[in-house]
Amino acid sequence: MRVPFNRVATPAVTDSADAVLAALAASLGTAGLAAAAARPGLLAEVDQHAAAVRDSLDGDARPLTRAALAGYVEGVRSAAREHGWRAPQGPTDWSEPDWLLTRLLAVCALAESLPARPPAAPPR
């Protein structure tokens, strides 16, 4: 069986995806998911965005991966920057987040739901 090249997760791709998602979690995810846990309305919005992200990545047909989520994040942020968006500086006000912040928070929630990556095998 041949696997399409874009479906193979090399260690470099996996490491890069982990770095993107870790940075997102540090900048938005940790505080945002805590805020969502305390605010049912925000949690509902995050869940709706997560379903839309899963749908756009064809998550019902194939498992979500960290690489797919990281690629999605990079694409969304790139498009937003082209339209003048700038990442928030300092703490984020989660009482009324905009669409983009809610979408990025949904990606954080999806990333947290994925199984932990097994530790790398030691070099031989």
Side-chain angles (χ1 to χ4, degrees):
M1 176 176 141
R2 290 176 25 153
V3 177
F5 75 93
N6 63 348
R7 299 284 183 243
V8 177
T10 65
V13 168
T14 304
D15 290 346
S16 177
D18 286 344
V20 167
L21 295 174
L24 183 64
S27 65
L28 295 175
T30 303
L33 292 174
R39 294 188 166 118
L42 177 58
L43 184 58
E45 286 183 47
V46 170
D47 286 344
Q48 290 173 349
H49 278 265
V53 170
R54 193 178 305 108
D55 186 49
S56 72
L57 294 175
D58 207 15
D60 292 337
R62 61 178 175 250
L64 287 177
T65 64
R66 298 181 73 72
L69 288 173
Y72 183 86
V73 165
E74 291 297 329
V76 167
R77 285 195 297 208
S78 177
R81 281 190 295 266
E82 288 177 10
H83 289 89
W85 180 81
R86 298 288 174 249
Q89 301 297 313
T92 301
D93 178 6
W94 291 105
S95 63
E96 293 185 34
D98 62 19
W99 183 94
L100 183 60
L101 290 177
T102 307
R103 194 62 147 218
L104 294 174
L105 188 56
V107 172
C108 290
L110 288 169
E112 278 195 357
S113 74
L114 294 177
R117 183 176 150 200
R124 294 182 186 212

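Keep in mind that this is a model prediction, so the values were computed, not measured.
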| request: Please report the shortest heavy-atom distance between Leu28 and Pro88, naming the atom on each side. | output: CD2-CG, 4.4 Å
| Atom pair OG (Ser27) and CD (Gln89), whose distance is rounded to the nearest 0.5 Å | 10.0 Å
| message | As an exercise, state the distance from OH of Tyr72 to CG of Leu104, rounded to the nearest 0.5 Å. | response | 8.5 Å
| remark: Tightest non-hydrogen contact, residues Leu57 and Ala68, listed as CD1-O, 4.1 Å
| note | So CD of Glu45 and CZ of Arg103: to nearest 0.5 Å the spacing works out to 12.0 Å
| said: Please give me the minimum heavy-atom distance between Val46 and Ala109, naming the atom from each residue. | reply: CG1-CB, 4.2 Å
| So, for Ala67 and Ala17, which heavy atoms are closest and what is the spacing to 0.1 Å? | CA-CB, 3.6 Å
| Do Trp99 and Leu43 share a hydrophobic cluster (ILVMFWY, side-chain heavy atoms under 4.5 Å, transitive)? | no
| Val20 versus Arg77: any side-chain heavy-atom pair under 4.5 Å? | yes
| Would a 4.5 Å heavy-atom cut-off, applied to side chains only, mark Leu114 and Leu69 as touching? | yes
| Going from CG on Leu101 to NE2 on His49, what distance comes out if it is rounded to the nearest 0.5 angstrom? | 10.0 Å
| message | So Pro97 and Thr92, do their side chains get closer than 4.5 Å, heavy atoms only? | response | no
| query | Ignoring hydrogens and geometry, is there a side-chain-to-backbone donor-acceptor pair from Ser78 to Glu74 under 3.5 Å? | reply | no
| Reported CG-to-CG distance for the pair Leu105 and Leu100, which is rounded to 0.5 angstrom | 11.0 Å
| Once you round to the nearest 0.5 Å, how far does CG of Asp98 lie from CH2 of Trp85? | 8.0 Å
| said: Restricting to non-hydrogen atoms, name the atom on Trp94 and the atom on Ala35 that form the minimum distance, rounded to 0.1 Å. | reply: CB-CB, 3.6 Å
| task | Please report the shortest heavy-atom distance between Ala50 and Ala106, naming the atom on each side. | result | N-CB, 3.4 Å
